[in-house]
Undergrad: 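Please read through the structure below; I'll follow up with questions.
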2 protein chains.
Amino acid sequence: MARFTHPRLEDVPLDLALHALADPNRLEMVARLAAAERLRCSDAAPCEAIPKSTLSNHLKLLRAAGLIETTQAGREMINTLRRSEFDRRFPGLLDAVLANRPA
Amino acid sequence: MARFTHPRLEDVPLDLALHALADPNRLEMVARLAAAERLRCSDAAPCEAIPKSTLSNHLKLLRAAGLIETTQAGREMINTLRRSEFDRRFPGLLDAVLANRPA
DNA sequence: TTCAACAGTTCAATATTCCCGAACTATTAA
DNA sequence: TTAATAGTTCGGGAATATTGAACTGTTGAA
């Protein structure tokens, strides 16, 4: 099964990071990861209704934006927020976005 | 000639605001407006090469995101950043984004 | 007054990106 | 083995973005 590639944060452009956050579903996923530390893909999903392939795509985009790390554990994929690295790369950005997230 | 519609900031969703900022050209335009107060469309352009119709579209999107206000002055359109309103709606967001903008 | 130039918008066609069903891969439990 | 689970990848239709060409309004000059 695919092994994921995680970019170095210094290689992530701001546009890409903002683009990743500029989607309600992905932002909800990031918020869940910010609250939960470790989440399987299906548990990171923003809602029940979202198709698996769409979810997988969102997670891929979040990885490319340096926001999450995914590791395999048995047949599950465990996702975590790369919070400290992301904060070092874009100080204050994630805080500001999460703080302004709709309820 | 068209008269522009400017949304109330409370009607602007976070996604839309982030999407507007998640583009290098638009972000550059916002940065210029943040530095200059009042700018004609062509002076707000991120570079020489960008076509007029594309520029016009970017400005429309920035208007829809509540980031700028456009008023007519003779045959020119004058754009200004709706800084204080935007900051009230999304505290800290624009600062964080601008601060992390590439040089 | 026309008329040409200017500043920008709108339209429509093309190009790009996104979404999601279907097929696939890998791992585990029976 | 086999069936179930957890997710990825592929491909095609839907939605967005880009941009050249035509258009609208405004101004200054003949």
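When reading the values below, keep in mind they use all heavy atoms of this one structure, side chains included, and skip hydrogens, waters and symmetry mates.
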Undergrad: Nearest whole angstrom, please: distance from the C1' of D:dT9 to the CE of A:M77.
TA: 12 Å
Undergrad: Has B:R75 got a side-chain N or O lying under 4.0 Å from the OP1 or OP2 atom of C:dG8?
TA: no
Undergrad: What is the distance, rounded to the nearest whole Å, between atom CG of A:D43 and atom P of D:dA6?
TA: 9 Å
Undergrad: Rounded to the Å, how far apart are B:Q72 CD and C:dG8 P?
TA: 10 Å
Undergrad: Where the side chain of A:S53 is concerned, which of C:dG8, D:dG7, C:dG21 is the nearest nucleotide?
TA: C:dG21
Undergrad: Rounding to a whole Å, what distance do you find between A:K60:NZ and D:dC10:C1'?
TA: 10 Å
Undergrad: For the residue pair B:D23 and A:D15, establish whether any side-chain heavy-atom pair is separated by less than 4.5 Å.
TA: no
Undergrad: Answer yes when A:E85 and A:R89 have at least one side-chain N-carboxylate O distance shorter than 4.0 Å, and no when they do not.
TA: no
Undergrad: Should A:R40 and A:E76 count as an ion pair when the cut-off is N to O under 4.0 Å?
TA: yes
Undergrad: By nearest nucleotide on DNA chain C, pick out whichever of A:N57 and B:E76 is the more 5' one.
TA: B:E76
Undergrad: Does a side-chain N or O from B:S42 land closer than 4.0 Å to OP1 or OP2 of C:dG8, or not?
TA: yes
Undergrad: Without decimals, in angstroms, what is the distance between A:L61 CG and C:dT16 C1'?
TA: 15 Å
Undergrad: Any side-chain N or O of A:T54 less than 4.0 Å from the OP1 or OP2 oxygen of C:dC20?
TA: yes
Undergrad: Can you figure out which of C:dC19, C:dA7, D:dT9 approaches the side chain of A:D23 most closely?
TA: C:dC19
Undergrad: Would you mind telling me which residue lines up with the more 5' stretch of DNA chain C, B:S56 or A:H58, judged by nearest nucleotide?
TA: B:S56
Undergrad: Identify, with sequence neighbours excluded, every residue that meets side-chain hydrogen bond (donor to acceptor under 3.5 Å, both in side chains) alongside B:S53.
TA: none
Undergrad: With sequence neighbours left out, what residues match B:R83 under side-chain hydrogen bond (donor to acceptor under 3.5 Å, both in side chains)?
TA: B:D95
Undergrad: What is the distance, to the nearest angstrom, from the CG atom on B:D15 to the P atom on D:dT16?
TA: 13 Å
Undergrad: In whole Å, I'd like the distance from the NZ atom of A:K52 to the P atom of D:dT9.
TA: 13 Å
Undergrad: Would you say B:H19 places a side-chain N or O within less than 4.0 Å of OP1 or OP2 belonging to D:dA17?
TA: yes
Undergrad: Could you check how far CZ of B:R63 sits from P of C:dG8, rounded to whole Å?
TA: 11 Å
